[in-house]
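Structure, as structure tokens:
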2 protein chains.
Amino acid sequence: MAQGPTITTIAAHAGVSIASVSRVLNGLPTREDTVRKVMAAADELGYVPNAVARSLKSNRTYQVAFAMADIGNPTYVAMVREIQPVLKAAGYRLVLHSTGGDLDDELDVLRRLGERYADGLIISPLRGITRKHLDLLTAAPAPVVVIGSVPEGAPVDNVRTDSRAGVRLALKHLHDLGRRSIGFLNGPLDTVPGAARAAAYTDALDALALPYDPSLVEVGDFYRAEGAQAARRLLERSRPDALLCANDLIALGALDVLREERLRVPEDIALVGMDDTELATAAWPTLTSVGLGSAERGRRAAELLLDRLDNGVAEPRIVTVEPTLAVRASTEGAP
Amino acid sequence: MAQGPTITTIAAHAGVSIASVSRVLNGLPTREDTVRKVMAAADELGYVPNAVARSLKSNRTYQVAFAMADIGNPTYVAMVREIQPVLKAAGYRLVLHSTGGDLDDELDVLRRLGERYADGLIISPLRGITRKHLDLLTAAPAPVVVIGSVPEGAPVDNVRTDSRAGVRLALKHLHDLGRRSIGFLNGPLDTVPGAARAAAYTDALDALALPYDPSLVEVGDFYRAEGAQAARRLLERSRPDALLCANDLIALGALDVLREERLRVPEDIALVGMDDTELATAAWPTLTSVGLGSAERGRRAAELLLDRLDNGVAEPRIVTVEPTLAVRASTEGAP
DNA sequence: CTGATTGCCGTAAACGTTTACAGTTCGCCG
DNA sequence: CGGCGAACTGTAAACGTTTACGGCAATCAG
């Protein structure tokens with residue numbers, strides 16, 4: 001744990017100035033034998049450049065931060081999994097923030113950007129973009145990419161998903177299978193995905209000319225246990241022939257309850273999840289699920305950010321990722 | 001994206017020296033009205049201290065790195081999920097490295113520690129601790145905690161799991177249920193967990209006075225598809241009455257194959273996974289699984305590292321986390 | 001009223017780099 | 001062989017902090 005050598009140490013060893021050392025190490029034109037002397041000294045001493053000092057001088061940390069609600073959530077795992085290699089390939093490190101979906105924590109991440117520990121930020125705000133978010137975003141000292149929707153005119157790149165189309169896909173699929181009484185288990189309405197999916201659901205019903213029946217809708221949280229509770233509440237008062245769940249965890253919870261109630265999936269009730277995570281194929285019956293392109297959103301966000309860091313793009317850009325429907329046993333019989 | 005104010009800006013605004021500004025901001029004893037002037041100027045200008053400059057001076061980055069093979073793997077997710085809050089509470093940021101299990105990448109992470117972008121490192125080496133690892137570890141410029149076993153005498157803290165005990169737990173359980181022909185689907189033998197579990201399996205058989213039958217053992221990789229292939233190969237030549245899988249993903253693959261073959265779980269073949277991840281409860285039948293305490297290992301590793309950073313402990317310490325067995329439907333009939 | 005003590009404050013150096021600028025060396029031409 | 005230009009090198013400043021140290025004013029004792 002001894003203090004490592006610095007360019008000063010090397011300069012002394014090689015009998016040259018620190019400027020020459022720096023030049024050699026950065027590959028700037030230098031006389032042949034100076035290069036040799038410096039390289040020899042550097043090798044011998046096991047020199048590794050100090051990233052902090054370099055950052056101070058260059059104003060570049062080669063770090064990018066990613067902030068989301070909870071790395072336990074498979075959608076965020078999918079994002080991280082795509083973001084990481086993109087950054088790594090470009091020589092950036094990834095700093096991970098888990099906000100727990102707490103609004104203050106989210107704002108704090110934004111504020112902390114001012115400490116300039118990272119060159120840019122990818123953030124997926126669970127609680128939506130508030131007035132305060134906007135203020136901080138416009139004043140942000142580094143480029144920010146938001147995963148999820150952003151109000152018109154915000155000065156940031158934005159990678160969004162078309163959850164409306166996703167829900168429409170799911171409902172269309174169920175409708176095609178002859179289901180007409182399609183329930184909906186949602187997450188909290190004061191979260192971005194919750195609100196978006198609620199709107200998308202009524203929308204999609206409209207498009208299919210199906211009536212909106214409030215007794216078919218139940219709100220819980222985006223977790224398995226809460227999903228199960230919501231399913232229980234819904235089943236106590238109605239008996240739909242299909243259930244759309246706002247994510248795969250909720251769907252797993254619903255599956256637990258349907259099993260308890262000895263309801264067959266998909267014969268009695270067809271089940272559709274969202275996010276198309278690994279859990280959808282682990283479940284039995286395997287879950288039909290709406291893929292909202294988490295992985296792709298992560299990758300695109302990272303690419304947008306790097307592009308902006310390297311090329312300093314002017315205009316905020318919006319990328320929309322198309323949803324997909326993975327049809328599996330929970331709506332179509334045999335696996 | 002304008003250049004933010006520095007203590008120099010504030011000093012000018014408040015009409016004091018930068019030293020006073022620094023003192024006020026760090027809460028060192030200062031005259032009342034100097035404090036007021038500085039605070040006013042800082043507020044007005046929206047000052048945020050520059051973390052990089054601070055780090056350069058203090059030799060502390062308040063960052064900790066965590067390196068593992070693949071953030072897609074649920075065991076690592078579990079670790080990150082525990083590590084993150086511990087670090088955050090102590091005011092540290094988390095830098096994430098995904099090495100893809102590549103040996104050179106792992107070594108690179110170790111070498112890069114010399115750049116001093118982080119105050120410490122938690123690493124979970126998939127490929128084991130080689131001679132080169134050891135050299136780098138002894139020369140490491142910052143404290144390192146290794147999750148997984150480490151050779152005697154390595155100068156690092158170490159959080160290990162007792163996989164031997166874990167496998168014994170599983171086999172004992174199966175033996176108690178009357179199973180006598182217990183197959184084993186392992187991951188690559190040149191990985192740490194693969195090697196450890198192979199040894200543990202033969203060991204546990206011994207303890208139960210069961211013979212070792214090589215035709216009951218098959219090696220694949222730690223993923224679902226490879227697990228399925230391995231299961232297929234094994235079933236083509238033998239018909240065990242129980243299968244132990246080296247992780248839950250392999251167990252899911254095996255489950256796929258057993259279903260294809262119309263073998264009932266657990267009636268015909270009992271199935272046990274390892275790591276006790278979320279997947280184990282998502283599957284159907286739910287999977288009995290050996291918990292190797294990933295979450296706890298992550299938390300303990302973070303705690304050890306922070307303790308060392310704050311208190312500079314002398315001796316390398318070893319923490320062993322006890323395995324647990326979560327008994328579920330895949331060995332004990334009804335869910 | 002003088003001298004010592006206390007408590008703040010400002011100057012400047014330092015952390016490890018990069019880089020502008022001025023100085024040196026060298027080769028080459030006339 | 002003198003002089004010029006090209007090519008390289010060294011000095012020093014800068015990035016934004018923290019902090020040792022000496023100076024200064026106010027306070028207090030004698």
So, with a heavy-atom separation below 4.0 Å from DNA chain C, the residues of residues 34-46 of chain B are B/Thr34
CD of A/Glu32 versus P of D/dC8: gap in Å, rounded? 11 Å
Just checking B/Thr8: base, sugar-phosphate only, or nothing, at a heavy-atom cut-off of under 4.0 Å? nothing
Is a side-chain N or O of A/Glu106 found less than 3.5 angstrom from the main chain of A/Leu126, in a donor-acceptor match? yes
B/Arg111 atom CZ, neighbour heavy-atom count above 12 within 6.0 Å: yes
Can you pull out how bent the helix from C/dC1-D/dG30 to C/dG30-D/dC1 is, comparing the axes over its first five and last five pairs, to 10°? 60°
Tell me which of B/Ser17 and B/Ser58 sits closer to the 5' end of DNA chain C, going by the nucleotide each one is nearest to. B/Ser17
Could you pull out every donor-acceptor pair under 3.5 Å between side chains of residues 33-54 of chain A and any protein atom, sequence neighbours left out?
unit_1, atom_1, unit_2, atom_2, d
A/Asp33, OD1, A/Arg31, NH1, 3.2
A/Asn50, OD1, A/Val52, N, 2.8
A/Asn50, OD1, A/Ala53, N, 2.9

Looking at every strand, decide which applies to A/Val52 at a 4.0 Å heavy-atom threshold: base, sugar-phosphate, or nothing. nothing
Can you give the first and last nucleotides of DNA chain C, 5' to 3', that have an atom under 4.0 Å from a heavy atom of chain B? C/dC8 to C/dG16
Can you tabulate the close N/O pairs, meaning under 3.5 Å, that link protein atoms to atoms of nucleotides 19-24 of chain D?
none

For residues 292-300 of chain A, which side-chain N or O atoms pair as donor and acceptor with protein atoms under 3.5 Å away, sequence neighbours left out?
unit_1, atom_1, unit_2, atom_2, d
A/Arg297, NE, A/Leu292, O, 3.1
A/Arg297, NH2, A/Leu292, O, 3.4
A/Arg299, NH1, A/Glu303, OE2, 3.4

Identify all side-chain donor-acceptor contacts of residues 16-24 of chain B below 3.5 Å with residues at least two apart in sequence or on another chain.
unit_1, atom_1, unit_2, atom_2, d
B/Ser17, OG, B/Ala19, N, 3.4
B/Ser17, OG, B/Ser20, N, 3.3
B/Ser22, OG, B/Asn26, ND2, 3.3

Please answer whether the main-chain N or O of B/Ile10 pairs with a side-chain N or O of B/His13 as donor and acceptor at a distance below 3.5 Å. no
Could you go through residues 145-159 of chain A and list every donor-acceptor pair under 3.5 Å that involves a side-chain atom there, pairing it with any protein atom two or more places apart or in another chain?
unit_1, atom_1, unit_2, atom_2, d
A/Asp157, OD1, A/Arg308, NH2, 2.7
A/Asp157, OD1, A/Arg317, N, 2.8
A/Asp157, OD2, A/Arg308, NE, 2.8
A/Asp157, OD2, A/Arg308, NH2, 3.2
A/Asp157, OD2, A/Arg317, NH2, 2.9
A/Asn158, OD1, A/Arg160, NE, 2.8
A/Asn158, OD1, A/Arg160, NH2, 2.8
A/Asn158, ND2, A/Val146, O, 3.0
A/Asn158, ND2, A/Gly148, O, 2.3

If you look only at pairs with a residue in residues 86-104 of chain B, which of them pass as a salt bridge (Lys or Arg N to Asp or Glu O under 4.0 Å), with sequence neighbours excluded? A/Asp105-B/Lys88, A/Glu115-B/Arg93
Pairs touching residues 73-97 of chain A that satisfy ring-ring contact (aromatic ring centres under 6.0 Å, His included), sequence neighbours left out: A/Tyr62-A/Tyr92, A/His97-A/Tyr117
Taken in chain and number order and not counting sequence neighbours, the residues that satisfy side-chain contact (heavy atoms from CB on, under 4.5 Å) with A/Asp135 are A/Arg131
Using only atom types and a distance under 3.5 Å, with no angle test, would you say the side chain of A/Asp119 pairs donor to acceptor with the backbone of A/Arg60? no
Donor-acceptor pair, B/Thr191 side chain versus B/Arg127 backbone, under 3.5 Å? no
Mapping A/Ile7 and B/Gly15 onto DNA chain C by nearest heavy atom, which one lands closer to the 5' end? B/Gly15
With sequence neighbours excluded, tell me which residues meet side chain to side chain donor-acceptor pair (under 3.5 Å) with B/Gln84. none
